Colleague: 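Here it is, the structure, as structure tokens.
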2 protein chains.
Amino acid sequence: MTISTQIETGRPLRADARRNHERILEAAREVFADCGVDAQMDDIARRACVGVGTVYRHFPTKEALLVELVRQKFRVFAAGARTALERDGEPFEVFADVLRRNADVCARDAAIQHALSGVGEHIWAQAQAEYEQLNALTTELIARAQRAGAMRPDVLATDIAMLMCGVSSTMTHNAPGFDWHRHLELVIDMLRAR
Amino acid sequence: MTISTQIETGRPLRADARRNHERILEAAREVFADCGVDAQMDDIARRACVGVGTVYRHFPTKEALLVELVRQKFRVFAAGARTALERDGEPFEVFADVLRRNADVCARDAAIQHALSGVGEHIWAQAQAEYEQLNALTTELIARAQRAGAMRPDVLATDIAMLMCGVSSTMTHNAPGFDWHRHLELVIDMLRAR
DNA sequence: GACTATAGTGAACTATGATTCCGCTTGTCA
DNA sequence: TGACAAGCGGAATCATAGTTCACTATAGTC
């Protein structure tokens, strides 16, 4: 029985288990960032100073671990969007800042890059709930900017998601002249109302 | 010694070898399209009605096979761009049609999708020459549209490449509401001069 | 301090799929 | 048509990396 199943049954985790759970997630983030998504479970275990068995006690498969990381990241994005909605300021600029911040996060996280690049569909699929939450918030941010007349009226939240998939997928291959910072600014500007 | 090395030495291929070379590429295209890039070499061999050994005689590794497919596709794109440059008509529309046509090709080719999604960097890297050729032609197409005042003046060829990476990467994951046709039209429209 | 359920360990197991290799077949050419 | 180099076939091999499991350690509790 993995610990995640146990969490669902409600029994509280032992202190060391709670500590390791965090440690493993943290290690996974780091290792994936360094070696990409096909980093090995053994590496993650080593980095977390834990046996592989322990990793498997907490996450039944490598994919489950990846999914958890992606979920967390979507939650981070959602939190950023919520903060932005509370802030006042020119709605389009607020929105643009959210995009910039999210792109920066993606640049440092191979797990999310993998989910966004077409290859990780099934992972994305398992983060549905979090994605939809994020999508709702994005819709709201967009609506504001559109109401203010600052954003093209035909942009949907899915367009933003798809554009970010693109930006993120160009981060990993460094073909000559590929500068995602510059490209992102172009994309942002293209979203402005004419 | 693989046949590709032999081609380099100049000796002509035996008739059956020439036939099989084509057959294998064709089969690879089909199998990759059906099963994605992690289709198996055995499957490709079977589809080509050939032993695995033969596949390996023609392409030393699976990656080499993938690279060849990507190269070919870049050449197809380049050919399309050349035709477009000869056509007369409103330059922006000519350009937009090239994008639409290329996107359609991508939608049916897992190898190119893989290369474009960040995961296949190294494959992309081995198709440098073809990519650069394509890039030069894209630059010319863009320049025309910009001279005609129909396209944003700050768009570079790499932006187009990056946008297409994005569109292509969204083709594979079918998250709810992801409609790449619609999205592509938005992207095209965003490229118009204001 | 003893007891026990919970958690951790890592060597061994397994599955998968790429690649090799060698005996056999076939195109080519004199 | 015979010789032989070029090609082919596919079972066997190898490598990789995810996953398991029998055993040990330890947090929590009385």
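Note that the structure is predicted; figures quoted are calculated from it, not measured.
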Colleague: Please compare A:Val50 and B:Lys62 by the position of their nearest nucleotide in DNA chain C and report the one closer to 5'.
Modeller: A:Val50
Colleague: Atom CZ of A:Arg47 and atom P of C:dG10: how far apart are they, to the nearest Å?
Modeller: 18 Å
Colleague: With heavy-atom distances below 4.5 Å as the criterion, would you say the side chains of A:Lys62 and A:Leu65 are in contact?
Modeller: no
Colleague: Cluster question for you: counting only ILVMFWY and a side-chain heavy-atom cut-off of under 4.5 Å, with indirect links fine, are A:Val155 and B:Leu191 together?
Modeller: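 A:Val155 and B:Leu191: one cluster.
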Colleague: Please report the distance, rounded to the nearest Å, between OH in B:Tyr56 and C1' in D:dA12.
Modeller: 14 Å
Colleague: Any side-chain N or O of A:Asn20 less than 4.0 Å from the OP1 or OP2 oxygen of C:dA7?
Modeller: no
Colleague: Hey, which sits more toward the 5' end of DNA chain D by its nearest nucleotide, A:Gln40 or A:Gly53?
Modeller: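 In this pair, the answer is A:Gln40.
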Colleague: Does some side-chain heavy atom of A:Gln113 sit less than 4.5 Å from a side-chain heavy atom of A:Val37?
Modeller: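 SC-SC contact between A:Val37 and A:Gln113 ruled out.
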Colleague: Does C:dG8 have OP1 or OP2 under 4.0 Å away from a side-chain N or O of A:His58?
Modeller: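 Answer yes for this pair, as a side-chain N or O of A:His58 is under 4.0 Å from OP1 or OP2.
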Colleague: Tell me: CD1 of A:Ile24 to P of C:dA7, nearest whole Å?
Modeller: 12 Å
Colleague: Taking any heavy-atom pair under 4.0 Å as a contact, classify A:Ala48: base, sugar-phosphate, or nothing.
Modeller: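 The residue A:Ala48 makes no contact with any strand.
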Colleague: Rounded to whole angstroms, how far apart are CD1 on A:Ile44 and C1' on D:dA17?
Modeller: 12 Å
Colleague: Which nucleotide in the set C:dG8, D:dC8, C:dT28 lies at the smallest distance from any side-chain heavy atom of B:Arg57?
Modeller: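 The listed nucleotide nearest to B:Arg57's side chain is D:dC8.
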Colleague: Which sits closer to the 5' end of DNA chain C, B:Arg19 or A:Asp16, going by the nucleotide each is nearest to?
Modeller: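 It is A:Asp16 whose nearest nucleotide is closer to the 5' end.
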Colleague: So does B:Thr54 get a side-chain nitrogen or oxygen closer than 4.0 Å to the phosphate oxygens (OP1/OP2) of D:dG9?
Modeller: yes
Colleague: Measuring from the side chain of A:Val52 (C-beta onward, heavy atoms only), which nucleotide among C:dG10, C:dG27, C:dA7 has the closest atom?
Modeller: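 Selected nucleotide: C:dG10.
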Colleague: Taking atom C1' of D:dA5 as reference, at what distance in whole Å does atom CG of B:Leu13 sit?
Modeller: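 Nearest whole value for this atom pair: 14 Å.
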Colleague: Any side-chain heavy-atom pair from B:Val187 and A:Met162 closer than 4.5 angstrom?
Modeller: no
Colleague: Report the distance from atom CZ of B:Arg14 to atom C1' of D:dA3, rounded to the nearest whole Å.
Modeller: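 Going from CZ in B:Arg14 over to C1' in D:dA3 covers 13 Å.
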Colleague: For the pair made of CG in A:Asp42 and C1' in C:dA12, what is the distance, rounded to whole Å?
Modeller: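 Distance, rounded to whole Å: 12 Å.
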Colleague: Considering only side-chain heavy atoms of B:Ala17, which listed nucleotide, D:dC8, D:dG28, D:dT19, is closest?
Modeller: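 So the side chain of B:Ala17 is nearest to D:dC8.
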Colleague: Between atom CG in A:Asp43 and atom P in D:dT16, what is the gap in whole Å?
Modeller: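 These atoms are roughly 13 Å apart.
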Colleague: Please check if the number of heavy atoms outside B:Gln133 that lie under 6.0 Å from its CD is greater than 12.
Modeller: no
